[in-house]
Amino acid sequence: MSRRPHRAPAGGRIDRSRIVTFTLEGRPLAGVAGDTLASALLANGISLVGRSFKYHRPRGFLGAGVEEPNGLFTVGRGARATPNLPGTLVELHEGLAASRQNGTPSVGFDLMAVNDLLSPLLGAGFYYKTFMGPLRGSWMFYERFIRRAAGLGVAPSGPDPDRYETRHAFADVLVVGAGPAGLAAARAAGEAGARVVLVEQDTLAGGGLLALSPEQPLERWREDALRALADLPEVQVLTRTTALGLYDGNTVALLGRSAHGEPDAAHGEAREWITTLRARAIVFATGAIERPLVFADNDRPGVMLASAAQAYRNRWAVSLGERVVLGTNNDSGWMTAAELARGGAELTLIEQRAAVTPALRAMAEEAGVRVHTGGLITRAIGSRAVRAAQFSTGSGRDVTLPCDLLCMSGGWSCSVHLGSHTGIKPVYRADIDSMVPGSLPEGQFAAGAANGTFSLAGAVREGVAAGQAAARHTGFGGARVQADAELPDTPYTVQPAVLPPPRRGKAFADFQSDVSTHDVQIAHEEGFVAVEHLKRYTALGMATDQGKTSNLNGMALMAAMRGQSPGGTTTFRPPWVPMSIGALAGRSTGQHFRPARRSPLHDWHVANGAVFTEAGPWLRPWYYRWAGDSPESAYLAEMHLVRETVGISDISSLGKIELHGPDVGEFLDRVYVNVFSSLAVGKARYGVMLNDDATVLDDGTCARLADTRWFLTTTTAQAGEVMSHLEFLLQTAWTDLRVQAVSVTDQYAGMSVAGPHSRKALELALPGHDVSDAALPHMGCLEITHEGVALKVLRLSFSGELAFEVYAPADRGIAVWEHILRAAAPLGIRPYGLEALASLRIEKGHVAGSMELDHRNTLDDLGLGRMASTRKAFIGQELRQRPGLQAPQRWSLVGLECLDPDKTLRGGAILFAAGDEIAGHGRGHITSVTWSVVLGKTIALGLYRGGLAHAGEEIICAYPLKGEQVRARIVSPVFIDPEGERLHA
Amino acid sequence: MPEAHPVLARHLQAGGRDGVDGTRALTLHELRGWHLCQISAFAGTDDALRLHSRALGAPELPRDSRRVAAEGDARVCRLGAGRYLWTAPADAVMQRVARELDPAAGSLTPLSAARVRFMVEGPAAAQFLQRGIALDLHPAVFAVGHFAQTGLHHVPVLLERRGEARYELQVPTTWAVSVWEWLTDAALPFGYDIGVDTAPGL
Amino acid sequence: MLRPMSDSYSALALARHAITRSPWPAAWRKAEPRKGYDVVIVGGGGHGLATAYYLAANHGIRNVAVLERGYVGSGNVGRNTTLVRSNYQTDGNTQFFEFSLKLWEGLSHALNYNVMLSQRGQVVLAHGPGQLDSLARKGNTMLLNGIEAELLDRAQLMRLLPYLDYSPRARFPLYGGLLQRRAGTVRHDAVAWGYARAADRLGVDIIENCDVTGFVTEGGRVTGVRTSRGEISAGRTAISVAGHSSEVARLAGLRLPVESHLLQAFVTEPVKPLVDHVISFGAELFYISQSDRGGLVFGGHIDGFNSYTQRGQFPKVQTVAECAVALMPAISRLRILRHWGGIQDMTPDGSPFIGRTPVDNLYLNAGWCYQGFKATPATGWCFAHTLAQGEEHPLIRCFSLDRFHHGDGLDEYGLGNWTWKQ
Amino acid sequence: MLIIPCPDCGARDYTEFRYGGDANRSRPAHGGGSREDWHDHVFVFDNPKGPHREYWQHVLGCREWLLVERDTASNTVIAVHRARDREMAR
């Protein structure tokens with residue numbers, strides 16, 4: 001590792017007065033403000049920055065930006081450690097802790113480098129051909145080693161302490177990329193009056209201009225452009241913001257990052273945020289990425305993209321070589337060579353083309369660049385650092401040139417990814433040897449290098465045109481823009497890179513995936529020649545850099561092997577750069593993962609010893625501590641309470657719908673299996689709704705409060721479904737029915753007062769109101785006002801006891817609840833929770849959501865077939881007649897009594913008839929279980945083939961997960977009070 | 001008369017927080033003491049409902065679903081076909097309409113307890129709301145007096161722009177605590193004060 | 001017809017090639033279509049190739065063509081999350097998927113192609129007692145059908161999967177789970193390539209870039225297909241084009257109980273081993289595993305509306321990320337490298353259709369919903385049997401196309417009769 | 001992002017809507033239609049790659065059920081109507 005200081009004493013876009021200290025594997029180092037981790041390491045003379053994925057070859061930085069495949073680091077400590085970050089994109093901050101990856105024990109000395117020697121065995125697809133023996137499961141043995149060897153960095157182990165956010169944004173025109181074309185486009189669109197968002201992944205706007213020395217005259221153009229944008233109130237320039245993906249509806253996902261190394265999460269400062277931006281028009285000014293050349297050992301540290309070397313030199317004042325060899329096939333290589341030579345390097349340019357324009361020659365000569373035309377770099381010499389470059393001259397002679405930096409300029413690949421995410425395939429343009437955007441849909445434009453226009457003047461011209469067109473597309477036309485006369489209009493020509501003849505050593509197309517020409521050769525021989533086959537078989541382009549430098553080279557290699565000219569296309573998938581899962585999740589983590597729905601009585605439950613449980617989105621009291629410290633004991637005490645005296649339970653989560661209108665009766669007749677139109681005012685009825693396919697949609701009650709005003713309840717789980725179902729029918733099928741449905745679930749707190757003393761409880765709570773059996777019989781309802789509060793009182797029972805449902809406006813819920821508790825205190829009234837509620841209904845044989853109502857069962861399966869009216873049509877009527885649904889062997893609802901006193905029935909047990917072999921799918925299963933406080937034994941509801949036709953039979957409940965078989969008897973599911981005496985008491 | 005218990009009662013005691021820069025750029029208030037109801041027409045009775053409710057003293061029902069119609073203290077939003085949300089500081093007229101409206105023309109459903117109302121105010125209000133609201137809040141698109149029904153963290157809400165930097169959010173009561181917790185968390189970086197507004201006319 | 005069995009894959013052969021540097025032969029020939037075949041299979045995905053392989057291997061029917069519109073494996077076989085398992089509770093599904101898992105267990109050897117079956121075990125999570133009861137029903141059914149299953153309580157879960165969120169922060173606390181140890185993952189592309197290579201070696205013609213544009217019928221019987229590469233006659237014709245089943249069946253005048261929906265899949269950057277099982281969240285549909293390369297592979301629910309776009313909606317990306325962090329908070333700082341969409345046949349009951357159609361000589365394999373990949377070997381086996389015998393294999397009788405006429409829907413998950421909710 | 005222009009509320013993300021499936025199938029008259037008609041209505045789909053008429057309900061907005069015509073190959077929304085208007089026009 002060279003220790004020579006590399007930082008030039010002056011120049012660059014860095015602030016030498018602000019020293020930033022950081023560590024690499026614990027070793028303290030210093031950089032300056034404005035550095036990336038990459039520039040700081042290089043300035044410290046550290047050029048070995050990683051090991052490759054498969055062969056563990058030593059690697060240095062290939063690039064200076066988003067294209068970097070080699071220099072990946074784990075950055076941060078402990079729960080903040082983030083693996084696989086390209087050092088070229090990590091802004092240096094005080095105290096940053098970085099370590100290199102994929103070296104065992106270290107990147108400097110890596111035992112896994114033995115893989116490089118074994119590489120003839122490890123070519124593309126080798127694992128498909130071996131590791132199969134000796135036994136069938138042998139792969140599981142080998143896999144352990146392969147898994148350990150694979151992977152890059154180590155994932156953190158604790159919860160992420162940082163904060164993330166998601167945001168929404170809108171723009172008339174989104175411009176992606178703040179290089180010359182993007183700046184020009186944003187300005188043109190902004191001056192036309194459009195609302196513009198300009199996003200730039202870098203910390204600074206300028207794009208390619210940032211790789212020029214800030215002393216250059218073009219810097220003034222950049223500054224002017226930024227000043228003009230700042231003066232436009234409807235233009236927003238967002239740096240540190242990466243456009244990740246383009247989605248339908250001109251929606252772009254943006255990733256913003258904090259400028260702070262360790263943002264202040266305690267005060268809500270986010271580390272990263274995802275913005276979903278909906279733009280009416282988009283300009284892709286995403287620039288281009290330089291391609292490496294493919295020659296033997298082109299992956300050695302010190303072999304670098306020419307543009308990267310220039311960026312390090314000019315932006316970060318890091319000069320990486322004194323003796324530089326630069327191989328190229330295009331004009332930009334000459335510009336870079338001249339720029340590096342002007343910076344003081346001794347530069348030799350190897351140009352594959354036999355001839356170039358006199359202008360280029362003159363420029364090179366003026367900068368002192370030595371030039372070999374018609375030459376090809378064939379090999380890099382050196383292992384941990386390049387020592388020399390080998391090239392063949394036009395006349396076929398091999399020459400070795402000592403050097404400390406070997407630059408590659410293989411032409412530029414337009415960054416067409418974003419524009420192709422919605423399926424617009426990029427097309428190959430032979431004259432510039434690159435993909436360019438395909439035919440973009442209306443409202444999308446490309447400009448500058450992204451569009452294959454590499455001259456500065458040309459890019460700006462295109463930017464202006466695209467910006468104006470985008471503005472026009474969104475209704476802002478007509479603004480005049482001043483032409484920038486003095487920008488250079490240099491042409492760009494390129495000749496597709498020629499592959500050097502095969503030599504010793506590996507020539508890489510994909511650096512991180514370790515895909516060499518040899519692997520492409522294997523894929524070719526074995527017939528994996530389609531682009532997608534090549535990628536999948538060799539892993540070309542599948543690494544964390546997503547093939548930014550490798551795709552085109554890999555495809556060109558395959559084309560050459562097939563004797564075809566370069567071309568073809570490939571699919572680019574979002575995201576453009578890897579996106580952290582935390583940013584996508586935003587603040588929807590922990591308790592905010594999903595919102596919780598709380599009863600209006602929630603605060604009372606919290607203050608009075610309720611233990612809560614999730615019921616879908618709802619938080620409901622599971623049991624109360626007055627009754628016990630565990631659900632197993634508490635629910636029994638609560639059941640006793642209801643069976644013997646009186647309890648009160650929160651049923652606010654039930655779906656509640658008011659139906660108004662002259663045709664409600666007719667409407668309900670159609671949606672319920674039973675008749676409602678005949679229901680008298682002041683009465684309620686239990687009803688079941690079916691889906692069109694005759695499975696049960698929901699059950700509930702509906703009360704007729706007035707002639708044209710009805711009050712319907714649904715199960716908690718199906719409330720939303722039922723509301724939408726009713727609206728669907730009214731708005732699509734039966735638009736003539738005069739019915740309006742209004743959800744009042746949030747308007748009312750609901751409470752069930754149940755137990756033999758429940759009427760007494762209400763009499764005490766509602767003095768002056770007649771709740772006698774005559775005034776309020778079973779299935780009756782009343783609307784009353786008590787102490788100024790309007791209440792609905794329905795005499796309905798889920799538990800099988802005498803019971804009343806009381807509905808009060810949500811904000812009066814706690815007052816009414818407490819009032820009842822206070823008034824009925826002499827009766828011993830107490831609250832009971834969901835577990836008791838669900839168990840009481842089992843004793844009564846009521847079906848319940850998700851246990852018995854599971855979208856599979858029909859009315860008949862639930863033993864409710866007799867409810868179906870024959871006097872009128874109802875939804876599901878026709879398909880209910882299908883033979884499979886009427887077959888006697890269908891599973892239908894039964895009650896089960898446990899016959900083994902020392903054992904218990906369990907939900908999920910599989911049922912068998914006595915004498916059956918205990919195997920296969922049995923004759924049904926147990927859906928719900930409880931201890932019956934009335935019968936003093938375990939009882940259950942279940943579904944059993946043939947149902948109650950087998951009443952009285954003794955069966956086996958098999959639960960092999962616990963090695964259990966329990967005997968049970970099939971009985972009526974109505975375990976208590978089959979005559980309904982309690983209800984009618 | 002039993003006392004009302006606002007679902008946010010416990011949560012409003014927590015107080016505000018300073019933001020990243022030590023300031024409080026937002027106020028989050030709950031609005032209390034108003035009456036809300038929905039009046040609804042049936043298939044083909046929208047015009048009849050307009051006439052009848054007007055005759056009974058209800059405000060004019062708007063035909064447009066984007067702008068709030070204000071009439072004196074009363075405010076009406078057209079929620080959807082034949083459905084209008086009517087907000088007023090007193091409920092005498094609502095009760096009259098409920099009693100006397102021709103049941104063949106329409107109906108009235110009290111909803112005062114069904115929604116919790118928040119007022120979000122401050123220079124950062126729009127920026128803050130865009131953390132969760134997927135609507136373009138640019139003043140040229142969503143001007144003062146505009147309202148929209150939309151989603152906020154999976155919850156259906158009604159958002160109205162009450163001033164340049166002032167927004168009202170109506171949230172279903174049973175979701176209100178969750179939305180409140182979400183809002184105060186979203187407001188952390190801005191800093192916020194919280195409170196209750198009971199003054200009429202807001 | 002049969003070419004010599006040279007270049008069989010093995011460690012030894014690999015070494016020989018490494019030393020001699022001699023090239024490997026093509027994995028399969030680039031066959032040109034011939035005039036006619038005993039069986040023509042439309043669709044060169046995993047199912048179509050497996051069907052061709054078993055026709056040749058099990059039934060000696062080698063005069064078979066597989067017609068693929070793009071390249072082999074360009075559809076869902078290369079776009080899924082690679083899970084294989086047999087934890088099913090419905091009579092029919094249980095036996096079928098266990099048969100498939102058994103075939104997976106011998107597949108690398110049968111094909112002489114390492115498909116990398118990794119039986120690392122799958123845990124399906126429950127967030128409450130009710131959910132655990134329904135997992136128990138499934139686990140009991142599995143055991144009663146000779147399939148291993150273990151019910152885990154919270155403490156056992158914490159030991160097995162310590163990196164899940166057991167903290168009070170968790171919105172939906174973890175209550176327990178059901179473990180199938182033999183479940184796991186398979187290298188998906190290898191399945192297509194392995195079947196293609198093995199079928200090719202038995203004489204099957206695999207014809208890529210061959211788009212079927214219509215069916216040739218004679219007196220109501222299908223007698224061949226019209227393709228972009230000419231007309232091909234066929235003794236029997238099979239459709240196996242998941243995602244595009246309705247479009248292809250329409251060419252034969254059939255309307256199906258199938259809708260095409262988009263399912264997204266995700267992979268992160270590679271990291272060192274972190275997740276050693278396949279884990280399925282219980283609060284919402286979300287499943288995750290780690291590939292041998294080190295990438296975490298995960299998926300969620302379909303986007304939720306008919307689509308042939310092969311690209312997903314961004315909100316779904318966010319939903320899936322939310323589930324990932326809810327399940328494993330440490331995953332938050334890892335980064336998604338790629339996400340992509342596959343077009344999936346969805347059916348009203350979540351179960352597929354395999355067998356004869358109302359059109360003579362035309363056979364259909366469609367409607368696989370989320371489970372097409374894990375079904376690949378058993379589908380190939382049973383569909384080949386059906387094509388060879390002209391009558392459905394007993395294991396697929398429950399998957400008949402007319403089951404809704406009779407009310408015999410096969411609803412494994414109880415999600416109701418909506419293709420987009422399955 | 002699939003964006004659906006709601007006639008009442010304006011353009012909104014599809015996440016504000018509930019999908020209601022194929023709207024091309026004609027629902028048999030209530031109480032009418034053979035079992036075969038109902039079977040086809042409930043279980044059989046055209047499932048075209050191209051323009052598709054489908055239901056969406058704006059559940060987080062005006063709760064209106066909409067008839068949306070959308071190209072399933074591109075997700076381009078071709079037309080949106082209130083379902084009730086379309087029904088009444090029939």
Side-chain angles (χ1 to χ4, degrees), chain C residues 241-251 253-262 301-319 341 343-349 351 353 358 366-367 401-409 411 416-422, chain D residues 1-6 11-28 33-61 65-80 83:
Chain C
V241 294
H244 294 81
S245 301
S246 300
E247 290 287 307
V248 175
R250 195 187 333 277
L251 299 173
L254 291 175
R255 290 171 80 226
L256 303 178
V258 166
E259 291 195 285
S260 296
H261 284 262
L262 191 119
H301 198 254
I302 50 175
D303 276 11
F305 52 89
N306 295 38
S307 177
Y308 285 90
T309 57
Q310 285 203 344
R311 59 174 187 271
Q313 299 295 317
F314 187 64
K316 212 62 173 183
V317 180
Q318 294 177 296
T319 301
I343 306 167
Q344 188 163 279
D345 283 1
M346 296 300 294
T347 67
D349 59 355
S351 293
F353 308 104
L401 186 55
D402 60 356
R403 61 176 178 267
F404 299 118
H405 281 278
H406 309 299
D408 294 334
D411 188 351
N417 168 45
W418 294 276
T419 60
W420 61 92
K421 289 185 191 170
Q422 289 297 328
Chain D
M1 180 87 73
L2 171 61
I3 293 173
I4 299 174
C6 172
R12 299 294 179 86
D13 295 353
Y14 81 101
T15 49
E16 292 196 2
F17 298 79
R18 157 195 284 258
Y19 188 56
D22 187 349
N24 226 23
R25 303 173 291 167
S26 56
R27 185 182 180 87
S34 65
R35 196 180 307 165
E36 199 55 34
D37 295 337
W38 280 99
H39 169 272
D40 288 357
H41 172 66
V42 173
F43 296 112
V44 184
F45 312 90
D46 279 334
N47 189 27
K49 181 175 185 174
H52 183 238
R53 279 158 48 96
E54 59 201 21
Y55 288 117
W56 291 84
Q57 186 189 17
H58 194 189
V59 276
L60 295 184
W65 277 97
L66 305 177
L67 249 176
V68 176
E69 194 175 351
R70 178 180 58 93
D71 189 328
T72 61
S74 66
N75 283 340
T76 308
V77 174
I78 301 158
V80 179

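In what follows, chains carry the letters A, B, and so on, assigned in the order in which the sequence lines appear, proteins first and then strands, with residues in each chain numbered from 1.
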*Answer yes if the side chains of C/Glu259 and C/Asn306 hold a donor-acceptor pair under 3.5 Å, and no otherwise.*
yes

*Heavy-atom pairs under 4.5 Å with chain C are the metric here; pick the option from D/Asp13, D/Asp46, D/Asp22 that has the most.*
D/Asp46

*Contact winner vs chain C - D/Phe43, D/Tyr14, D/Trp56, heavy-atom pairs under 4.5 Å*: D/Phe43

*asked:* Donor-acceptor check, side chain of C/Gln422 to backbone of C/Met346, threshold 3.5 angstrom: yes or no?
replied: no

*Tell me, side chain or backbone of C/Thr419 under 4.5 Å from chain D's heavy atoms, or both, or neither?*
side chain

*Region of C/Phe404 that comes under 4.5 Å of a non-hydrogen atom in chain D*: both

_Any residue meeting ring pair (Phe, Tyr, Trp, His ring centres under 6.0 Å) with D/Phe45, in chain and number order, not counting sequence neighbours_ = none

*Find the one option among C/Ile343, C/Leu256, C/Thr347 whose heavy-atom pairs under 4.5 Å with chain D are most numerous.*
C/Leu256

*asked:* Tell me whether C/His244 contacts the main-chain N or O of C/Ala249 through its side chain, where contact means a donor paired with an acceptor under 3.5 Å.
replied: no

_Validation row: C/Asp411, C/Asn417 side chains within 4.5 angstrom (heavy atoms)_ = no

